[in-house]
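Only this structure's heavy atoms are used, side chains among them; waters, hydrogens and symmetry mates stay out. Chain identifiers are assigned alphabetically (A, B, ...) following the order of the sequence lines, protein sequences preceding nucleic acid strands; residue numbering begins at 1 within each chain.
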Amino acid sequence: MNTNLPNRYDFKTIETKWQQRWQHEQTNKVSADTEKKKYYVLEMFPYPSGRIHMGHVRNYSIGDVIARYKRMQGFNVLHPMGWDAFGLPAENAALKRGIHPADWTYDNIAYMRKQLKAMGLSYDWDREIATCRPEYYRWEQLLFIKLLEKGLVYRKETTVNWCDDCATVLAREQVIDGCCWRCDQQVLPKTMYGWFLKITDYADELLDGLDKLTGWPEKVRTMQRNWIGKSQGLACDFQIENSDKKIKIFTTRPDTIFGVTFMSLAVEHPLVDELINGTPQEQEVRDFIRQTKIEKQRNTLDDELDKKGAFTGKYCINPFNGERVPVYVANFVLMEYGTGAVMAVPAHDQRDFDFAKKYMLPIRPVVQPNDLLLSADDMEAAWEDNGVLAESGDFSGMESTAAKKAIIHHAEKMGFGKPHVTYRLRDWGISRQRYWGAPIPVIHCDDCGTVGVPQEQLPVTLPGTDAADGNNAPLHQQESFYKTTCPKCGKPAQRETDTMDTFVESSWYFIRFTSPRKTDAPLDKTAAEYWLSVDQYIGGVEHAILHLLYARFFTKLLRDLGLLTVDEPFSNLLTQGMVIKDGSKMSKSKGNVVDPNDLITQYGADTVRLFSLFAAPPERDLEWNAQGVEGASRFLNRVYRLILANTACFSGNDTVEMARLDSNNRQLYRKIHQTIQRVTGSIETNFHFNTAISAVMELVNDISSAINHQDSLDNAVLKEALQTVLLLLFPMTPHFCEELWEQTGHAENISTARWPECNPSAIQEEELTIVIQVNGKVRNRLQVQLDISDDQLQELALADERVNKFLGDKKPKKIIVVKRKLVNIVV
RNA sequence: GCCCGGAUGGCGGAACUGGUAGACGCAAGGGACUUAAAAUCCCUCGGCACUUGCGGCUGUGCGAGUUCGAUUCUCGCUCCGGGCACCA
């Protein structure tokens, strides 16, 4: 053994060397090639916030292992990277530092790109995109125009959260206790125009598609299902007494309609005004409405308000039984959901029950459970389950499920109602009154109305990004931007000054990656057809709803524009857990961040990658542990020394001849192939790299002890063992393995090597270990021949000395023999 | 309130379709090497007790159940994490 070998490998030199080599040899460059089977692996692209954090390291390490593993298996692998570059933080950072958001963003991209390269991630950097570049967002603007033409994007007036000091709309998560997150000013509701994408048109398809996404975690599918929130029921009209107006309601419980004892309207309901005009109740109701609006504004949405309401003095008619029903305005009815009017059934809805108790309205049970009889007098809570209908006219005696259908059918026949579906999902408001985003490409003309910017005039570029002293004021403050002429009539007109929500950019970037440099269209159809859908998408579960839903939506939009044929963007999804330290997520505000940069400098990229893969399975949270990194480093150094001390075995050309191996060599050879099987299995079934790594560690331990304890170690076996270690580790620690591969005399890079295959005849054990139990407790283990019969096994077990000690003179009541595994003697 | 997850040594985590619980790693303790330290190598390492033996009992959040046998299946809880939440 050569004792002059260094204890630790020089990761700095090695990593730089191989990063340069890969770049120079364009190892990771790919193009569509229909001759080859493709694999598209993608990690959610980062927001260029400044520097990468441990969450990125984890995310990209996982993706890179998959990419490299699939390449070794002969796939044509697309593995791109880009930047989700528009957004609020850039603008805030720019404000704070007095610089331009573009400068801030491009500087960050340059720095973070360097960091990613230092991790040795196998991206095809020629495909890099940044969404803030006109070359990218011009296509988004084109899509916008096309959607506008198809009526899938529209403009409407809505109420938004407005901060006067910041002169902008705030997202709901930016409103903290009713105040602006940045300046602490009270946030005001403001009605203004904004642009909306008609995602609700796709609600059903987005919902149904979830059933087919079997490669997604059930959790994410459930979250999306809940978010879409489909409810089926009855839409029904209640005529207002002495009026020609009707109140439209929606209910999922038509079976309870005979239990209606009042009607509740939202305070914003358009009919309220005329119901109360000139009535004695008018003042009281108006006071109540004003009070409720204030309370709703103040309420942080966290806790429920007490049920309150006010009687309008008017009645409406239940079309099913002709009863007069008093009409209330109530604080718990939402204008945004259903019709803003709710038929109240106190016996079968807890909110209505609370309300009825408070205002002493009648409670009338009309759905009876099987095991007890509800009566209004002794009910303490609403009965919300199904049951059998009572006091419900012709429908009495029917079971809820059947009654629902019958009642809807009846309403339809009589013409006062019909089946109806409602969604929780709202159309997607994409307008932002911000500078740092893609301008919405429309022009407002007094004569022609709202006109889309003609295709040949795209892109509408964001002003000020090129000049060093560029102006980054919101667009509505930049006259040179918004003053324009109407493309239709040529008269003076105004450009739209809203920019798009950054979620729009990230809704189709994975498509653009398939043809990122296409200059005459958003995508190259052939390339998109070849690469899509993304075979494996990887990212944080925090994007489970918005991003992943929007991306699915956009894929369907592009399909319906004839640009794509796929229905779903991501066939498999891996949601990785968070990186935790001291019990909470790493974050600047908690002060528990570990900078990956420091680690890479101290241990090298391969060690950091290895640790992040080894510490936990990907879907689980990863508890940060500094000593764990030390352990990963120790392991690599051990492998390094092991291989360099045994380079001699690589000079021979001999291959393993199983028949000629003695028992010890046979055993190591078996271990090699068992390890290949285990590692491949771990990756294939669920990407559990932690167990894959531990399997390799076992192999390394076995090789070491074979070297130390075996005199007649077979050269070919040792060579195959060491090569296998490198091949199996390569996707996780690429620089390290490339270097050792080269140093052991291989002419070709390990990047081009094939993933090892398990030889099934090699993994056969020579003997079986049989567990002998007495009453289910392990009492002995026996080594037996492979071909032993069950009868022989049973005999052996009964003859066993240790077993007999426990049996005493008791007679076996029953003997269970599990083939090749165990014998259990029951006494 | 509703819907998902999860709970295994001091720690991160293993365990195929019910069949050897604790792989692998970390930490800890002991030893070797060294003038010494680091590094490296070897050994021990769930708990309990009279540890005389290559041994025994107990042990996968808690309580029941099914089974020859349960970390794994069923029922009922507890705690932790996440999502949604006055959705009619």
Which part of the nucleic acid does [X] contact within heavy-atom distance under 4.0 Å: base, sugar-phosphate only, or nothing?
X: A:Gln773; value: base
X: A:Arg678; value: nothing
X: A:Val541; value: nothing
X: A:Arg620; value: sugar-phosphate
X: A:Phe614; value: base
X: A:Asp621; value: sugar-phosphate

So if I take residues 695-705 of chain A and measure heavy-atom distances to RNA chain B, which residues fall below 4.0 Å?
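By residue number: A:Met697, A:Glu698, A:Asn701.
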Counting only heavy atoms and a strict 4.0 angstrom limit, can you tell me which residues of residues 811-827 of chain A come near RNA chain B?
A:Lys814, A:Ile816, A:Val818, A:Lys821, A:Leu822, A:Asn824, A:Val826
I need the single residue from A:Gln783, A:Arg670, A:Gln785, A:Gln667 that forms a side-chain hydrogen bond (donor to acceptor under 3.5 Å, both in side chains) with A:Glu766. Which is it?
A:Arg670
Please tell me which of A:Thr691 and A:Thr252 maps to the more 5' nucleotide of RNA chain B, matching each residue to the nucleotide holding its nearest heavy atom.
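Residue closer to the 5' terminus by nearest nucleotide: A:Thr691.
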Nearest-nucleotide comparison on RNA chain B, the residue closer to the 5′ end among A:Gln627 and A:Thr222
A:Thr222
Tell me if B:G12 is syn or anti. Syn = glycosidic torsion within 90° of 0, anti otherwise.
anti
Which dot-bracket string fits RNA chain B when only Watson-Crick or G-U wobble pairs with both atom distances under 3.5 Å count, crossing pairs get [ ], and | stands for a partner on a different strand?
(((((((..(((......[....))).(((((.......))))).(((.......)))..(((((..]....))))))))))))....
Once the angle between the rings of A:Tyr359 and A:Tyr328 is folded into 0 to 90°, is it parallel (under 30°), tilted (30 to 60°) or perpendicular (over 60°)?
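If you compare the ring of A:Tyr359 with that of A:Tyr328, the planes turn out tilted.
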Ring-plane angle category for A:Tyr640 and A:Phe736, please: parallel below 30°, perpendicular beyond 60°, tilted otherwise.
tilted
Establish, yes or no, whether the cationic atom of A:Lys307 lies under 6.0 Å from the six-membered ring centre of A:Phe332 and within 45° of the ring axis.
yes
Does any N or O in the side chain of A:His348 come within less than 3.5 Å of the main-chain N or O of A:Trp383, such that one atom is a donor and the other an acceptor?
yes
Within the side chain of A:Asp237, is there an N or O that forms a donor-acceptor pair under 3.5 Å with the backbone of A:Lys248?
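Judged by distance alone, no pair lies under 3.5 Å.
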Reckon A:Ser231 has a side-chain N or O less than 4.0 Å from the OP1 or OP2 of B:A88?
yes
Say whether A:His673 and A:Gln764, considering side chains only, have a donor N or O and an acceptor N or O under 3.5 Å apart.
no
Quantified in whole Å, what is the P atom distance between nucleotide B:G5 and nucleotide B:U74?
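12 Å, rounded to whole Å.
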B:U8 and B:A23, which share atom name C1', separated by this distance in whole Å:
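That atom pair is separated by 13 Å.
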A:Asn226 side chain: which of B:C3, B:C86, B:U40 is closest?
B:C3
At their closest point, which heavy atom of A:Trp216 faces which heavy atom of A:Gln224, and how far apart are they?
CZ3-NE2, 3.9 Å
Would you find more than 12 non-hydrogen atoms of other residues, nucleotides or ligands less than 6.0 Å from A:Lys246 atom NZ?
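No, NZ of A:Lys246 has 12 or fewer neighbouring heavy atoms, counting only those of other groups under 6.0 Å.
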Looking at A:Lys358, I want to see if its NZ is surrounded by more than 12 non-hydrogen atoms of other residues, nucleotides or ligands under 6.0 Å.
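Yes, because the 6.0 Å sphere around NZ of A:Lys358 holds more than 12 heavy atoms from other groups.
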Considering only heavy atoms from C-beta outward, does the side chain of A:Ile408 approach that of A:Lys405 to under 4.5 Å?
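No, side chains not in contact.
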